[in-house]
S.K.: 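Please read through the structure below; I'll follow up with questions.
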Amino acid sequence: MPPILRIADLHKRFGTLEVLRGISLEVDPGQVVALIGASGSGKTTLLRCVNALEDYQQGRIYIGEELVGYREVDGQRVRLSESRVSRQRAEVGMVFQSYNLFPHMTVLDNVTLGLVHVQRKARGDAERIALAWLERVGLAEKVRAYPFQLSGGQQQRVAIARAVAMQPKVMLFDEVTSALDPELIGEVLTVMQDLARSGQTMLVVSHEMIFVREVAHRVVFMDGGVIVEDGLPAEVLVHPRTERLRAFLSRFRGVFGSV
Amino acid sequence: MTGVWHQIALALPQLLRGLRTTLEISAVVLVAGSLVGFVVGLLLLYGGLVTRLAARAYVDTIRGIPVLVLIFACYFALPALGLSLSAWQAGVTALTVFAAAHIAEIVRGGIDSIPRAQSDAAKAVGLTFWQRLRLVILPQATRRMLPPWVNAAVEIVKGSSLLSLLGIVDLLLAMQNVVGYTFIVLPFYLLTAAVYFVVNFTVSQTAAMLERRFAYLKY
């Protein structure tokens, strides 16, 4: 099966600072890829590029067969129109560290927004889909609540429901448990594990090493804007080949004491 | 004292006609100024380089000019450019130009105060620019715009009294006319001040009520 996400030689600069320096990565359908690395290594920027939230200076990103954010005319890159880019973003789901629910909408409206206004579903159908997902993330009784009435863990589960309800080809998770109190992290990871088992293609930036080890099919270690190691969790996390990864993992020694 | 009350009663229809003119002018200016200000505010944020600079020049220039100068300019200077406006047209135009500049800045500030994360989340859902603005940004931003917008409305009601200088018989000039033939000064000035206060107090209280109504959406 061809890869569902293909990134080739991606370069991204903020002014003179080159954050991504030639990233190539292919993700197969149903694969769960964990991106690990120190902050500033470019993980978040990579996710944002995949969802066309950032432009990029060089390289290509394909979702399926489609080039993200640009089209090529006679070898020249041309930025796609706003509406085309929006349609591409609808094919990719994204969950943010700070949840970013829409505070003026109920939980249900947060989830139906894209279904109604992007996928043009009838409101009744959209609500059925949204309710099914909210039930699956354990929030069926909160559909009429507003985000501020929910805990961080609940808000993040709504954010996940909002993204997966659109049936995205790829789900992007950007340190989604980093802002949560420790006792709320588990409920969010459980939902993500459930998604991973259901065959959802996922690209997950996470510092939750136990989750990475148990759920990811593949671990990619980034440092300084390049991919340093890429392989099975059992190999990459347990037998790092590079000094950089060893140094990074040593910070999680407590976690791997049991490995 | 009975004489004063009698004179007030006699003058009341005249004063009410003046009040009606004041309210009409204020309403027209507020609606037109808000519409123009909204568009200019969007240009300040999302316009191309040229339109953005033009909008910025307009807002900064107008905000730096006393509104009375604008009013006189519209009434006395525009005819020199071949554009003759009636006192009412000139006055309403000047106040609208003035109000729009202030409201543009309110719109810009309100939208700008919504965290970029909201716009990112709306993009991630797949909404287009106008959908993001209409469904996600503006519903939140308008609540933040409301208090300064009410200030602008109150300034417009008060500023409309300047149009009496063009001979428009608003509440102020109606009162001055009454004073002119009754020679009762203080009671009529007090009465007029009270009426302006009641109008503006009602506006600001309505807004405060709306604000409380939406207070639960703070985050």
Side-chain angles (χ1 to χ4, degrees), chain A residues 44 47-48 50-54 69 81-106 109-120 145-150 155 158-159 161-168 170-174 179, chain B residues 38-39 41-52 106-107 109-149 207-219:
Chain A
T44 292
L47 289 196
R48 291 176 61 86
V50 170
N51 206 7
L53 293 177
E54 304 283 353
S81 69
E82 225 310 289
S83 61
R84 286 285 302 280
V85 174
S86 298
R87 220 169 306 152
Q88 290 184 336
R89 288 192 186 114
E91 303 276 303
V92 176
M94 185 155 184
V95 186
F96 301 85
Q97 182 176 347
S98 52
Y99 335 131
N100 301 358
L101 293 182
F102 305 125
H104 58 297
M105 295 180 189
T106 62
D109 289 342
N110 262 278
V111 181
T112 56
L113 185 71
L115 297 170
V116 171
H117 292 280
V118 177
Q119 297 189 341
R120 304 277 169 208
Y146 282 88
F148 80 98
Q149 296 168 311
L150 305 180
Q155 291 194 47
V158 175
R162 175 174 72 180
V164 289
M166 304 278 289
Q167 292 187 294
V170 180
M171 277 287 292
L172 309 172
F173 293 85
D174 186 13
Chain B
F38 180 71
V39 173
L42 290 186
L43 290 178
L44 283 175
L45 283 165
Y46 306 116
L49 184 66
V50 176
T51 46
R52 206 167 64 237
I106 293 169
V107 169
I111 292 176
D112 226 16
S113 75
I114 304 304
R116 211 184 107 193
Q118 284 291 307
S119 157
D120 280 347
K123 283 179 184 173
V125 168
L127 298 177
T128 62
F129 173 80
W130 290 107
Q131 286 177 325
R132 296 197 293 274
L133 203 58
R134 181 167 58 86
L135 300 166
V136 174
I137 306 299
L138 284 178
Q140 299 179 62
T142 43
R143 278 153 205 161
R144 298 186 180 193
M145 293 174 200
L146 188 63
W149 184 78
M209 202 186 70
L210 286 174
E211 244 181 286
R212 279 195 297 276
R213 167 82 179 72
F214 293 118
Y216 70 99
L217 289 163
K218 290 219 173 80
Y219 58 115

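Only heavy atoms go into these numbers, but all of them, side chains included; no hydrogens, no water, no symmetry mates. Chain naming here is simple, since letters A, B, ... match the order of the sequence lines and numbering starts at 1 in each.
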S.K.: Measuring heavy-atom distances to chain B, does Leu101(A) have an atom under 4.5 Å in its side chain, in its backbone, in both, or in neither?
M.R.: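 Interface part for Leu101(A): backbone (N, CA, C, O).
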S.K.: Minimum heavy-atom separation for Asn100(A) and Ala121(B), please, with both atom names.
M.R.: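 Where Asn100(A) meets Ala121(B) most closely, the heavy atoms are O-CB, 3.4 Å.
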S.K.: Suppose a student defines contact as a heavy atom less than 4.5 Å from any heavy atom of chain A. Which residues in residues 42-52 of chain B would they list?
M.R.: none
S.K.: List, one per line, each side-chain donor-acceptor pair under 3.5 Å for residues 113-120 of chain A, sequence neighbours excluded.
M.R.:
from      : atom 1 : to        : atom 2 : distance (Å)
Gln119(A) : OE1    : Lys121(A) : NZ     : 3.0
Gln119(A) : NE2    : Met166(A) : O      : 2.9

S.K.: Do Asp120(B) and Arg48(A) have side chains that get closer than 4.5 Å, going by heavy atoms?
M.R.: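 Yes, their side chains come closer than 4.5 Å.
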S.K.: Which heavy atom of Ser86(A) sits nearest to which heavy atom of Leu127(B), and what is that distance?
M.R.: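 The pair with the smallest heavy-atom distance is OG-O, 3.4 Å.
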S.K.: Chain B heavy atoms under 4.5 Å from Phe96(A): which part of the residue, side chain, backbone, both or neither?
M.R.: side chain
S.K.: If I compare all heavy atoms of Lys123(B) with all of Arg89(A), which pair ends up nearest, and what's the gap?
M.R.: O-CD, 3.1 Å
S.K.: Going by heavy atoms in the side chains, are Pro103(A) and Gln118(B) under 4.5 Å from each other?
M.R.: yes
S.K.: Would one find more than 12 heavy atoms of other residues, nucleotides or ligands at under 6.0 Å from atom CD of Glu82(A)?
M.R.: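 Yes, the 6.0 Å shell around CD holds more than 12 heavy atoms from other groups.
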S.K.: State whether the side chain of His104(A) and the backbone N or O of Leu135(B) hold a donor-acceptor pair below 3.5 Å, judged by distance alone.
M.R.: yes
S.K.: Counting only non-hydrogen atoms closer than 4.5 Å, does Glu54(A) touch chain B with its backbone (N, CA, C, O), its side chain (CB onward), both, or neither?
M.R.: side chain
